[in-house]
Amino acid sequence: MTTPRQLRLGAYFTGAGVQGDSWRHPEAHTDAYRHFDRYKEYAQKLEAACFDALFFYDNVFAASDATTVSSAPLSPRWDPFVLVAALALVTQRIGLVATVSTSYSEPYNVARHFASLDQLSQGRVGWNIVTSTAGGENFNLPAHRDHAERYERAHEFVDVVTGLWDSWADDAFLEDKASGQWADPAKLHVLNHVGQHFRVKGPLNAPRPVQGWPVLCQAGSSEAGKNLAARVGELLYTAAQDIDEARNFYSDIKARAARYGRSPEHVHILPGVMPVIGRTQAEADAKFAELLAYRDTDVQLRALSNYASLGIDLTGLSPSDRVPLPNHIPETNSHKSRQKLLVDWIRHERPTVQQLLTQWSAGGHRMLVGTPQSIADDFEHWFHTGACDGFNVMFSSTPGGLDDFVKLVVPELQRRGLFRSVYTGKTLREHLGLPRPAFPVQAAWSQPLAA
């Protein structure tokens with residue numbers, strides 16, 4: 001019998017442990033960036049709820065302007081590699097996804113880190129592949145790398161990393177004390193990669209990961225981002241405000257994956273969503289109003305105007321005023337897909353300032369304010385009508401929003417048969433129903449390095 005398709009659920013975190021300026025809520029933890037036990041608590045609760053994975057967003061720069069430093073908890077934060085390594089030792093089943101930039105890293109280091117983490121976690125690691133929204137100034141560059149160059153580099157970067165993961169066959173290390181043979185040289189493949197951006201000989205000085213390759217995740221939705229996602233991505237994080245928009249993205253990515261010769265079923269698409277949950281609708285509305293009351297309106301408006309490149313000060317407008325849209329909006333070299341999402345939404349909806357603040361209080365992801373039943377209805381509708389394979393859940397606060405979701409929404413999804421009640425696999429690939437990459441043959445490797 002065919003196993004019924006079920007939702008995939010990820011949990012979104014930053015290394016600071018807070019979402020937006022929800023840190024001002026009286027019950028919100030504000031010290032997770034320096035107390036690992038906070039993350040241990042979150043991870044173990046989500047594992048008890050059978051979540052597929054924790055996803056850790058990251059970047060390689062820190063804002064230094066006075067307004068942002070004063071009000072936004074963007075710094076400090078944990079390095080995802082460190083956080084994932086620690087969590088691997090205090091969890092048993094839940095997947096752990098770390099964000100690492102291809103623009104400001106080197107393939108050999110990244111391959112080695114993830115291979116080691118996959119061993120440490122016994123096969124529960126994923127790599128969120130990003131090209132970064134900024135950071136060149138911290139890596140011996142005068143400015144951020146160009147968008148097209150970043151994605152060109154990313155394709156080659158992933159090829160090198162996956163090639164390095166395949167340096168050794170799974171059974172290459174014999175460890176035979178009697179014969180004195182440590183490894184079988186016939187089961188070693190030296191990468192010898194020479195490309196436009198990288199020159200990497202190999203082999204990797206780590207065994208092949210438990211999963212063959214850690215799960216490849218991706219979050220870009222520009223044209224270049226979609227092509228990278230379709231070619232290599234297995235778990236995709238995206239933002240969508242509208243179900244039709246989500247369906248178009250879903251069908252587009254699946255079709256692109258098929259053109260790359262991949263099975264569309266091996267590409268899981270998880271839009272972000274932030275639920276605010278009450279046992280009644282009135283309770284949910286009250287929680288949402290309380291959450292908004294602790295947010296700094298002027299800070300949010302400046303951030304949204306900058307994010308969309310509007311070039312307009314929205315702070316002097318009345319909440320009932322329509323958001324003005326300039327005739328010309330310069331295209332960013334940073335977050336192209338998210339800028340387009342916001343500008344298109346303003347253009348289509350013609351929102352008031354208050355509507356902008358309310359709708360975009362989750363950084364471009366959908367807000368759902370409702371009961372466990374209404375939120376499960378929404379999830380079920382999106383899931384069964386071709387808009388997603390699951391959701392990346394952004395908690396309105398921690399621990400409150402997290403506790404509400406695992407105590408109220410997860411049981412409702414389980415009751416409907418939409419989500420697992422127990423883990424049936426041990427690795428992240430097994431949770432997601434993804435195949436383990438087969439070890440390649442010699443003919444698949446690049447030409448040797450020139451002398």
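Along the sequence shown, residues carry numbers from 1.
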Polar side chain donor-acceptor pair, Arg150 to His144, under 3.5 angstrom: yes

Side-chain heavy-atom pair Asp166, Thr162 within 4.5 angstrom cut-off: no

Polar side chain donor-acceptor pair, Asp285 to Gln281, under 3.5 angstrom: yes

Straight-line distance of Leu236 CG to Cys217 SG, nearest 0.5 Å: 8.0 Å

Evaluation steps, side chain to side chain donor-acceptor pair (under 3.5 Å), between Ser103 and Ser132: CA-CA 7 Å; Ser103 297; Ser132 295; 5.1 Å; no

Residues Arg153, Asp146: salt bridge by 4.0 Å N-O rule: no

Flag side-chain contact, heavy atom, 4.5 Å: Ile243 against Thr385: yes

Pro351 and Arg322, any side-chain heavy atoms less than 4.5 Å apart: no

Side-chain (Glu412) to main-chain (Pro372) donor-acceptor, under 3.5 angstrom: no

Side chain to side chain, Asn392 and Val273, heavy atoms closer than 4.5 Å: no

Plane angle bin for Phe81 and Phe114 - parallel if under 30°, tilted between 30 and 60°, otherwise perpendicular: perpendicular

Heavy atoms of other groups near Glu265 CD, more than 12 under 6.0 Å: no

Atom of Ala115, atom of Trp165 and distance for their closest heavy-atom approach: N-NE1, 3.9 Å

Leu204 to Tyr108 - nearest heavy-atom pair and separation: CA-OH, 3.5 Å

Modelled atom types, side-chain donor and acceptor of Thr131 and Arg145, under 3.5 Å: no

Flag for Gln196-Glu152: side-chain donor and acceptor within less than 3.5 Å: yes

Residue pair Ala154 / Leu228: nearest heavy atoms and the distance that separates them: CB-CD2, 4.0 Å

Donor-acceptor contact below 3.5 Å, side chain Gln414 vs main chain Arg420: yes

N/O donor-acceptor pair under 3.5 Å between Arg429 side chain and Trp213 backbone: yes

CD1-CG distance between Ile94 and Leu46, expressed to the nearest 0.5 angstrom: 5.0 Å

Glu234 side, atom CD; Ser263 side, atom OG - distance, nearest 0.5 Å: 11.0 Å

Side-chain touch Ile253/Val267, heavy atoms, less than 4.5 angstrom: yes

Check: Leu270 and Cys388 side chains under 4.5 Å, non-hydrogen atoms: no

Carboxylate-amine/guanidinium contact Lys287 Asp404, below 4.0 Å: yes

Under 3.5 Å: donor-acceptor pair, side chain of Gln218, backbone of Val130: no

Asp389-Tyr250 side chain donor-acceptor pair, cut-off 3.5 Å: yes

Leu402 backbone acceptor or donor facing Lys45 side chain under 3.5 Å: no

Arg93 side chain vs Gly425 backbone, donor-acceptor pair below 3.5 Å: yes

Electrostatic pair Asp242:Arg247 at N-O distance under 4.0 angstrom: no

Val125 versus Ser121, closest heavy-atom pair with distance: CG2-OG, 3.3 Å

Lys/Arg-Asp/Glu bridge criterion (N-O < 4.0 Å) met for Glu430, Lys426: no

Parallel, tilted or perpendicular: ring planes of Phe51 versus Phe405, cut at 30 and 60 degrees: perpendicular

Pairs meeting criterion salt bridge (charged side-chain N to carboxylate O under 4.0 Å, His left out) with involvement of residues 75-84, two or more places apart: Asp58-Arg77

His155/Thr102 under side chain to side chain contact (heavy atoms under 4.5 Å, CB included): CA gap, chis, key distance, verdict: CA-CA 9 Å; His155 280 276; Thr102 60; over 6 Å; no

Sub-4.5 Å side-chain heavy-atom contact between Thr14 and Phe56: no

Flag if over 12 foreign heavy atoms under 6.0 Å of NE2, His348: no

Heavy-atom donor-acceptor pair, Lys254 side chain to Pro264 backbone, under 3.5 Å: yes

Donor-acceptor contact present, side-chain Glu137 to main-chain Ala143, <3.5 Å: no

Check: Thr352/Ser320 side-chain N/O donor and acceptor closer than 3.5 Å: no

Leu357 and Leu292, any side-chain heavy atoms less than 4.5 Å apart: no

Leu432 vs Val215, side chain to side chain contact (heavy atoms under 4.5 Å, CB included): CA-CA, chis, key distance, verdict: CA-CA 9 Å; Leu432 299 172; Val215 173; 4.1 Å; yes

Arg366 charged N/C atom sitting above Trp382 aromatic ring, 6.0 Å / 45°: yes

Atom pair CG (Leu96) and OG1 (Thr91), whose distance is rounded to the nearest 0.5 Å: 5.0 Å

Ring centers of His189, Phe439 separated by less than 6.0 Å: yes

Tyr237, Phe379, Phe419, Phe55 screened by ring pair (Phe, Tyr, Trp, His ring centres under 6.0 Å) with Phe391, the one that passes: Phe379

Candidate pair Leu164 and Val200, rule side chain to side chain contact (heavy atoms under 4.5 Å, CB included), full reasoning: CA-CA 9 Å; Leu164 287 169; Val200 181; 4.1 Å; yes

Plane angle bin for Tyr39 and Phe13 - parallel if under 30°, tilted between 30 and 60°, otherwise perpendicular: perpendicular

Residues that Asp252 engages under salt bridge (Lys or Arg N to Asp or Glu O under 4.0 Å), provided they are two or more places apart: Lys226, Arg256

N-O pairing of Asp170 and Arg208 below 4.0 Å: yes

Ring geometry between Tyr12 and His365 (parallel below 30°, tilted from 30 to 60°, perpendicular above 60°): tilted

Between His193 and Phe198, ring centroids under 6.0 Å: no

Rounded distance [0.5 Å steps], CD in Gln373 versus CG in Leu408: 9.0 Å

Whether over 12 other heavy atoms sit under 6.0 Å from Arg436 CZ: yes

Over all atoms of both residues, closest heavy-atom pair of His266 and Gly433: CD2-O, 4.1 Å

Side-chain (Asp52) to main-chain (Leu9) donor-acceptor, under 3.5 angstrom: yes

Heavy-atom pair of closest approach, residues Pro80 and Thr99: CG-O, 3.7 Å

Working for salt bridge (Lys or Arg N to Asp or Glu O under 4.0 Å), residues Asp159 and Arg231: CA-CA 11 Å; Asp159 291 344; Arg231 179 172 172 260; 2.8 Å; yes

